[in-house]
Amino acid sequence: MKETTLAGVLQEQSLEAQGYDEIFNRLMDIVRDKKMDDTLGNEIERCILDYLAANPPREFDRFSDKSYLRTYIGRDAATGWEAIMMSWREGNTTSIHAHPQFAGYHFADGRFRLEIFEPTGEGKARRVKDIVVTAPCAFHAIGKTAGFDNHIHRITCLTPTGHSLHVYSDDARQGKVYTEEE
């Protein structure tokens with residue numbers, strides 16, 4: 001079976017925003033030379049939630065009926081770290097997918113369903129948890145050092161619109177994509 005990545009299933013082209021150097025540089029100062037653990041994850045969450053509280057993401061009010069929209073606010077070529085603002089319309093959903101070693105999710109506004117999966121083999125995954133989150137809130141997942149199979153999940157927007165800011169330790173588009181086991 002050929003392995004599929006998130007890059008192969010994205011329905012809309014990602015954009016790159018200008019003018020977010022201050023928050024991205026602050027994020028890079030937090031992650032630089034730090035151990036990848038929950039202390040780091042909590043520090044990233046505090047930084048991003050504080051930023052979102054002071055800077056509601058209204059400039060990202062661009063939506064699609066087809067899919068959630070991704071806008072990079074920062075990428076560091078040397079380390080792989082990236083931050084992506086996502087704009088959602090009700091019913092927009094991701095594929096079932098995974099991420100690199102660190103994945104942080106920061107919900108600025110809206111309500112979302114987060115389904116957590118575990119791999120069952122041959123590109124399939126079984127749902128093990130279903131959570132509804134109401135913004136503002138954040139969480140993070142830390143996985144193995146190598147690979148893009150950390151935190152297998154699917155996100156669906158449940159409100160007319162919503163925004164979330166995602167932080168990854170490497171190119172999220174390389175995350176493995178799974179099909180749901182019946």
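In this text, all values refer to a predicted model and were calculated from it rather than measured experimentally. Heavy atoms only: backbone and side chains are in, while hydrogens, waters and symmetry mates are out.
Checked by atom type and distance alone, the side chain of Asn92 never pairs as donor or acceptor with a backbone atom of Cys157 at under 3.5 Å. The backbone N or O of Thr5 sits nowhere less than 3.5 Å from a side-chain atom of Gln174 that would complete a donor-acceptor pair.
In the hydrophobic clustering of ILVMFWY residues, with side-chain heavy atoms under 4.5 Å counting as a link, Leu114 and Ile44 come out apart. Linking ILVMFWY residues whenever their side-chain heavy atoms come closer than 4.5 Å, directly or via other members, places Ile116 and Tyr105 in the same cluster. Leu158 and Tyr68 fall into different hydrophobic clusters, where Ile, Leu, Val, Met, Phe, Trp and Tyr are joined by side-chain heavy atoms under 4.5 Å apart, directly or via other members. In terms of hydrophobic clustering, with Ile, Leu, Val, Met, Phe, Trp and Tyr side chains grouped at heavy-atom distances under 4.5 Å, Met28 and Tyr168 are assigned to different clusters. With hydrophobic clusters built from ILVMFWY side chains whose heavy atoms lie under 4.5 angstrom apart, Met86 does not share a cluster with Ile48.
Taking the side chain as every heavy atom from C-beta outward, Glu43 and Lys34 approach each other to under 4.5 Å. His163 has its side chain out of reach of Leu52: every pair of non-hydrogen atoms, C-beta onward, lies at least 4.5 Å apart. The shortest distance between side-chain heavy atoms of Arg173 and Leu10 falls below 4.5 Å. Contact of the Ile152 side chain with the Ile96 side chain is registered, since non-hydrogen atoms from C-beta on lie closer than 4.5 Å.
Of all non-hydrogen atoms in Ile23 and Cys47, the two that sit nearest each other are CD1-SG, 3.8 Å. The shortest non-hydrogen separation linking Ile73 to Ala17 is CG2-CB, 4.4 Å. Closest non-hydrogen pair, Ser164 versus His166, comes out as OG-NE2, 2.7 Å. The minimum heavy-atom distance linking Leu27 with Ala83 is given by the pair CD2-CB, 4.2 Å. When all heavy atoms are compared, the tightest approach of Tyr178 to His97 is CD1-CA, 4.4 Å.
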CA sep, side-chain torsions, deciding dist, call: Ile84, Ser14, side-chain contact (heavy atoms from CB on, under 4.5 Å): CA-CA 9 Å; Ile84 308 167; Ser14 300; over 6 Å; no
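For Thr159, there are no side-chain hydrogen bond (donor to acceptor under 3.5 Å, both in side chains) partners at least two apart in sequence or on another chain. Remark: Leu15 engages Arg62, Thr71 in a side chain to side chain contact (heavy atoms under 4.5 Å, CB included) (not counting sequence neighbours). The side-chain hydrogen bond (donor to acceptor under 3.5 Å, both in side chains) test applied to Glu180 returns Arg154, not counting sequence neighbours. With sequence neighbours excluded, no residue forms a salt bridge (charged side-chain N to carboxylate O under 4.0 Å, His left out) with Asp109. Not counting sequence neighbours, the partners of Asp29 by the salt bridge (charged side-chain N to carboxylate O under 4.0 Å, His left out) test are Arg32. With sequence neighbours excluded, the residues forming a salt bridge (charged side-chain N to carboxylate O under 4.0 Å, His left out) with Arg89 are Asp65, listed by chain and number. Residues forming a side chain to side chain contact (heavy atoms under 4.5 Å, CB included) with Thr161 (at least two apart in sequence, or on another chain): Phe63. With sequence neighbours excluded, the residues forming a side chain to side chain contact (heavy atoms under 4.5 Å, CB included) with Asp37 are Lys35, Thr39, Leu40, listed by chain and number. Glu16 meets the side chain to side chain contact (heavy atoms under 4.5 Å, CB included) test with Tyr72, Arg75; sequence neighbours excluded.
We find the OG1-CG distance between Thr94 and Leu6 to be 8.0 Å, quoted to the nearest 0.5 Å. Phe148 CZ to Lys176 NZ: the interatomic distance, rounded to the nearest 0.5 Å, is 10.0 Å. Ser95 contributes atom OG, which lies 9.0 Å from atom CD of Gln11 (distance to the nearest 0.5 angstrom). Interatomic distance, CG of Asp76 versus OG of Ser169, reported as 12.0 Å (0.5 Å rounding).
Residue pairs that meet the ring pair (Phe, Tyr, Trp, His ring centres under 6.0 Å) test with at least one member in residues 15-59, sequence neighbours left out, are Tyr20-Phe60. Residue pairs meeting the ring pair (Phe, Tyr, Trp, His ring centres under 6.0 Å) criterion with at least one member in residues 112-138, sequence neighbours excluded, are Trp88-Phe112, Phe107-Phe112.
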Expected list for residues 125-146: side-chain donor-acceptor pairs under 3.5 angstrom, two or more places apart:
| residue | atom | partner | partner atom | Å |
| --- | --- | --- | --- | --- |
| Arg126 | NE | Glu118 | OE2 | 3.3 |
| Arg126 | NH1 | Glu181 | OE2 | 3.1 |
| Arg126 | NH2 | Glu118 | OE2 | 3.0 |
| Arg127 | NH1 | Glu115 | OE2 | 2.9 |
| Arg127 | NH1 | Asp130 | OD2 | 3.4 |
| Asp130 | OD1 | Arg113 | NE | 3.3 |
| His140 | ND1 | Glu45 | OE2 | 2.6 |
| His140 | NE2 | Asp38 | OD1 | 2.9 |
| Lys144 | NZ | Asp149 | OD1 | 3.4 |
| Lys144 | NZ | Asp149 | OD2 | 3.0 |

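Checked against the 6.0 Å centroid threshold, His99 and His153 count as a close aromatic pair.
Checked by atom type, the side-chain pair Glu12/Ser64 shows a donor-acceptor distance below 3.5 Å.
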